[in-house]
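Accompanying notes for the structure given below.
Just follow the structure's listing: the first ligand is 1, and inside any ligand the first atom is 1.
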Amino acid sequence: MPKQPDSLLSLTTFNGTPLSDDMALTTFHSLMDRHGYVLMRNVPESFDPVAFCKGLGDFVPQYTGVLVGDVTPEPGMDEFYHAGNTKPLYPHSEGYDFEGLPPRYLALWCETPNTGAGGETTLADARTWAESLDEEDRTYLRERIFEWQTTDAMRNLGLDLHPEHPVIEDHPDGTIVRYSFNNLNRGDDERIGPLLASAKEYFEREHVAIQYERRDMLVFDNWRMLHARNAFTDTGRHLRRIQIAHRSAA
Ligand SMILES: [Fe+2]
């Protein structure tokens, strides 16, 4: 059995009223600092997910230019490695194919949950994985610059990006771990394969699995957490999605 999420915030109080915005934000940040993600549950009708995300930072455009996207099976996408179908996704960090900083947060909330098995968003802490490695391996992941690439679905839409980044990058506001099992170009480097496999095994062992109910909202720190998705069958599953830029602490 996968682990259940343990960073949960109820947006409805024990009296059945909406939690105040100030309290919601304070609890959100303390859970985020501790666990790297927050799953908001018991979300009242009055809660505005887009406004909540605005409070966290500027939105980063998605591949098509939309700022508030949809994750639901799309026609013609079945043959690709892509969120817009019903297949599983490998663990990854979002935005490894961006030239600059990856989004700080990713927010996903549920319009229509799926029925039947699967469809969980899965999450694990990549910094804990990095800390579990030998010092030489960590240094190698900081110093070796790799070429990354967009998914085959995006290449098919004419977006073919090849940014260069290390796997681990130190930023004044926190360590960034970029990760893709299948879209980091390994070239003839024999050292990276076992490390990518080690992260994947770590993810398989340690991940929490999130099954959404309607209006549940997940926000995670994308510099710290890897995410993936289990396959599902119900094509009515519909999430919405926002990428949020890093805001400097200063
Ligand atoms: Fe993703």
query: Around atom CG of D188, are there more than 12 heavy atoms of other residues, nucleotides or ligands at under 6.0 Å?
result: no
query: Are there more than 12 heavy atoms of other residues, nucleotides or ligands under 6.0 Å from atom CG of D152?
result: yes
Q.
What I want to find out is whether D78 reaches K87 closely enough, with some N-O distance under 4.0 Å, to be called a salt bridge.
A. no
The number of protein N, O or S atoms lying under 2.8 Å from the Fe ion (ligand 1) is 3
Ring-face cation of R215 near F47 (centre distance under 6.0 Å, axis angle within 45°): no
ask   = Counting N and O atoms only, with roles assigned by atom type, does the side chain of Y179 sit under 3.5 Å from a partner on the main chain of L196, one being a donor and the other an acceptor?
value = yes
* With a distance cut-off below 6.0 Å to the six-membered ring centre and an angular limit of 45° from the axis, does R186 pair with F181 as a cation-pi contact? -> yes
